[in-house]
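Everything below concerns the one structure shown next.
None of these values were measured; they are calculated from a predicted model. Throughout, protein chains are lettered first and strands after them, A, B, ... in sequence-line order, and every chain is numbered starting at 1. The figures that follow rest on heavy atoms only: side chains count, while hydrogens, waters and symmetry mates do not.
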Amino acid sequence: MPELPEVETVVRGLNEHLVGHTITSFDFDWPKTIKTPIEIFKKEIEGAKVLSAERRGKLIIINLSSNHSILIHLKMTGQLVYKSPKLQYGAGHPNDSLISKLPDKSTRIHFKLDDNSEFFFNDFRKFGWVEMVPTTDKHLHKFIASLGPEPLEITYLQFKEVLFKYPNAQIKAKLLDQHVLAGVGNIYADESLWAAKIHPQVKIKDIPEVKLETLFAELQAVLNLSIEKGGSSSVNYIKVDGKTGSYLSFANVYKKEGGPCPRCAVPLIRTVAAGRGTRLCPNCQKI
DNA sequence: CACTTGACCTGTCCGC
DNA sequence: TGCGGACAGGTCAAGT
């Protein structure tokens, strides 16, 4: 499930593999995926060169030479994959077998590039979307304009300030709220709350200062560790080159319910908080 | 204001 | 084997 580290990894892959290519044509199978009128999308993308890629929260921004930018949200099952005759791993390698099957039934948009390489937006659940906006106005786009600050680019005092706009809200709900912080999703919310020994449903105003400081440090630590490991590949996420990320082998609680807490050995539990599956240690994390 | 539910979708897994 | 239901979790809109 793409959260900040996964999207960051994808963006780095786009800068490595896609920048410099010209998009010659594209086709698509699910019109709702493209939120821009198709004639406008076509006009601004065909013949345009990819200049750079960047990330804001969980949103991917691809800047084109047409003075337009493609916004891409992967939602839960979106993938961006680059396929080139020049990029091969050897016969029988799992990355090759995955990429060689593209396009497949979950391919929503198939882009063709100038040197016979290809670029795929895959999304089996069809929640993801792409949109074309003028590059100079991209920050006015409704989604981008509503995002909170980047958790890796703020200080502890700023972190505390944005959370304390909602002193009576549950901490996990606000960690997940993209208008409060941009990029934190379910996995890293659970991991950082466990690391700081904070129950996901405790009210923000009831968290002792020292624990809130720990939460900020641990949130940055898990995000940075995951970026270093190329993200979490659980159900569907892969990198632009088809490889998987390895962060999940470092996870302490995500999908570990029933197993021992790495700190105190009491069995971890799964519950629901902020409307989402939530893993925690009932011994270390109390309200 | 805080919180829940439903909608958007499809694939997997579990129990009967 | 087949079938229904829970579950996966990002975001928004609507309802309590």
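Rounded to whole angstrom, the span from the CG atom of A/D177 across to the C1' atom of C/dG10 amounts to 12 Å. Nucleotide C/dA6 holds its P atom 18 Å from the NZ atom of A/K255, rounded to whole Å. Atom CD1 in A/I144 sits about 12 Å away from atom P in C/dC12, given to the nearest Å.
Within the nucleic acid shown, A/W30 comes within 4.0 Å of sugar-phosphate atoms alone, with no base atom in reach, counting heavy atoms only. Heavy atoms of A/K165 sit nowhere under 4.0 angstrom from any nucleic acid atom. As judged by a 4.0 angstrom heavy-atom cut-off over every strand, A/K142 is placed among residues touching the sugar-phosphate backbone only.
Going from the P atom of C/dT11 to that of B/dG11 covers 22 Å, rounded to whole Å. Comparing B/dT4 with C/dC7, their P atoms sit 16 Å apart, to the nearest whole Å. Across B/dC1 and C/dG10, the matching P atoms stand 25 Å from one another, rounded to whole Å.
Put simply, A/H179 has a side-chain N or O that comes within less than 4.0 Å of OP1 or OP2 on C/dC12.
Judged by distance alone, the side chains of A/S69 and A/T135 do bring a donor and an acceptor atom under 3.5 Å apart. A/E209 and A/Y156 share a donor-acceptor pair across their side chains, judged by distance under 3.5 Å alone. In this structure, a donor-acceptor pair under 3.5 Å is present between the side chains of A/E44 and A/H68. Side-chain N/O atoms of A/H141 and A/E131 include a donor and acceptor closer than 3.5 Å.
Taking a heavy-atom distance under 4.0 Å as the criterion, the stretch of DNA chain B touched by chain A extends 5' to 3' from B/dA2 to B/dG11.
Shown here are the side-chain hydrogen bond (donor to acceptor under 3.5 Å, both in side chains) partners of A/S52, two or more places apart in sequence or in another chain: A/N63.
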